[in-house]
Amino acid sequence: PPAEWWCEHTASLQPPLSSSCAHTTTPLTMSAGMHNSDGVNIDLYIPRKCTATNRLISAKDKASVQLNIGHVSADGVYTGEYTPMALCGFIRSQGEADGEIDRKFTKVIAENKANGIDI
């Protein structure tokens with residue numbers, strides 16, 4: 001995959017939906033993991049980080065989820081952009097997942113409005 005597919009928010013490879021995608025991308029050479037001499041990531045598995053606790057989500061955490069929250073226009077039509085949020089099983093088992101999603105997405109909306117991006 002191209003280097004532009006690295007997503008900092010989900011710590012995974014994702015193809016961008018558009019050039020104005022809400023989440024930022026960085027080259028693979030700046031990401032975590034082992035790289036070959038060409039700068040290409042050669043790790044088979046790169047763990048995600050929980051949006052709420054900032055913990056690494058292990059491969060054995062079967063209760064973890066990732067939500068891609070779609071952005072809509074003022075008319076309520078999906079724009080093709082989204083904000084990914086990963087939640088570990090610990091947060092879900094504590095019953096705090098809905099509160100964390102609300103807090104984090106409210107923060108994302110405030111940051112984007114401060115930067116002049118209306119989502």
Side-chain angles (χ1 to χ4, degrees):
E4 298 85 37
W5 286 19
W6 178 254
C7 175
E8 289 179 337
H9 294 281
T10 61
S12 64
L13 292 172
Q14 295 181 349
L17 293 178
S18 67
S19 60
S20 62
C21 194
H23 60 277
T24 59
T25 56
T26 59
L28 285 175
T29 56
M30 298 176 70
S31 65
M34 190 181 308
H35 300 77
N36 64 9
S37 59
D38 295 331
V40 177
N41 192 332
I42 58 173
D43 283 337
L44 296 177
Y45 175 74
I46 299 173
R48 294 175 293 163
K49 285 182 103 174
C50 178
T51 304
T53 62
N54 215 23
R55 293 180 181 182
L56 287 177
I57 299 175
S58 71
K60 298 288 184 179
D61 189 354
K62 302 300 183 190
S64 65
V65 294
Q66 177 174 328
L67 304 171
N68 292 331
I69 300 174
H71 300 185
V72 295
S73 66
D75 299 327
V77 179
Y78 177 61
T79 63
E81 299 175 346
Y82 60 92
T83 301
M85 294 188 181
L87 295 170
C88 63
F90 171 75
I91 291 294
R92 295 187 66 216
S93 69
Q94 297 296 315
E96 296 294 323
D98 58 340
E100 290 297 330
I101 292 170
D102 185 44
R103 280 187 284 278
K104 293 297 178 178
F105 202 70
T106 303
K107 183 179 175 183
V108 167
I109 290 172
E111 288 173 357
N112 285 334
K113 288 194 183 213
N115 294 332
I117 302 169
D118 191 25
I119 60 170

Starting at [atom1] of [X], measure out to [atom2] of [Y] and round the result to the nearest 0.5 Å.
X	Y	atom1	atom2	result
Gln66	Cys50	CD	SG	11.5 Å
Leu67	Phe105	CG	CZ	11.0 Å
Asp61	Leu56	CG	CG	11.0 Å
Thr53	Ile57	OG1	CD1	7.5 Å
Asn41	His35	CG	NE2	4.5 Å

- Message: Any side-chain to backbone donor/acceptor pair from Asp75 onto Val77? Under 3.5 Å, distance only.
- Response: no
- Query: So, the side chain of Asn115 versus the backbone of Glu111: is there a donor-acceptor pair under 3.5 Å, distance only?
  - Reply: yes
Looking at [X] and [Y], what are the two nearest heavy atoms and their distance?
X	Y	value
Ala86	Arg48	CB-NH1, 4.3 Å
Val108	Met85	CG2-CE, 4.5 Å
Thr106	Asp102	OG1-O, 2.6 Å

- Results of side-chain hydrogen bond (donor to acceptor under 3.5 Å, both in side chains) for Arg55 - residues two or more places apart only: none
Would you give me the side-chain donor-acceptor pairs under 3.5 Å for residues 87-100, sequence neighbours excluded?
| unit_1 | atom_1 | unit_2 | atom_2 | d |
| --- | --- | --- | --- | --- |
| Arg92 | NH1 | Ala63 | O | 2.4 |
| Ser93 | OG | Gly89 | O | 3.3 |
| Ser93 | OG | Phe90 | O | 2.8 |
| Glu100 | OE2 | Arg103 | NH2 | 3.0 |

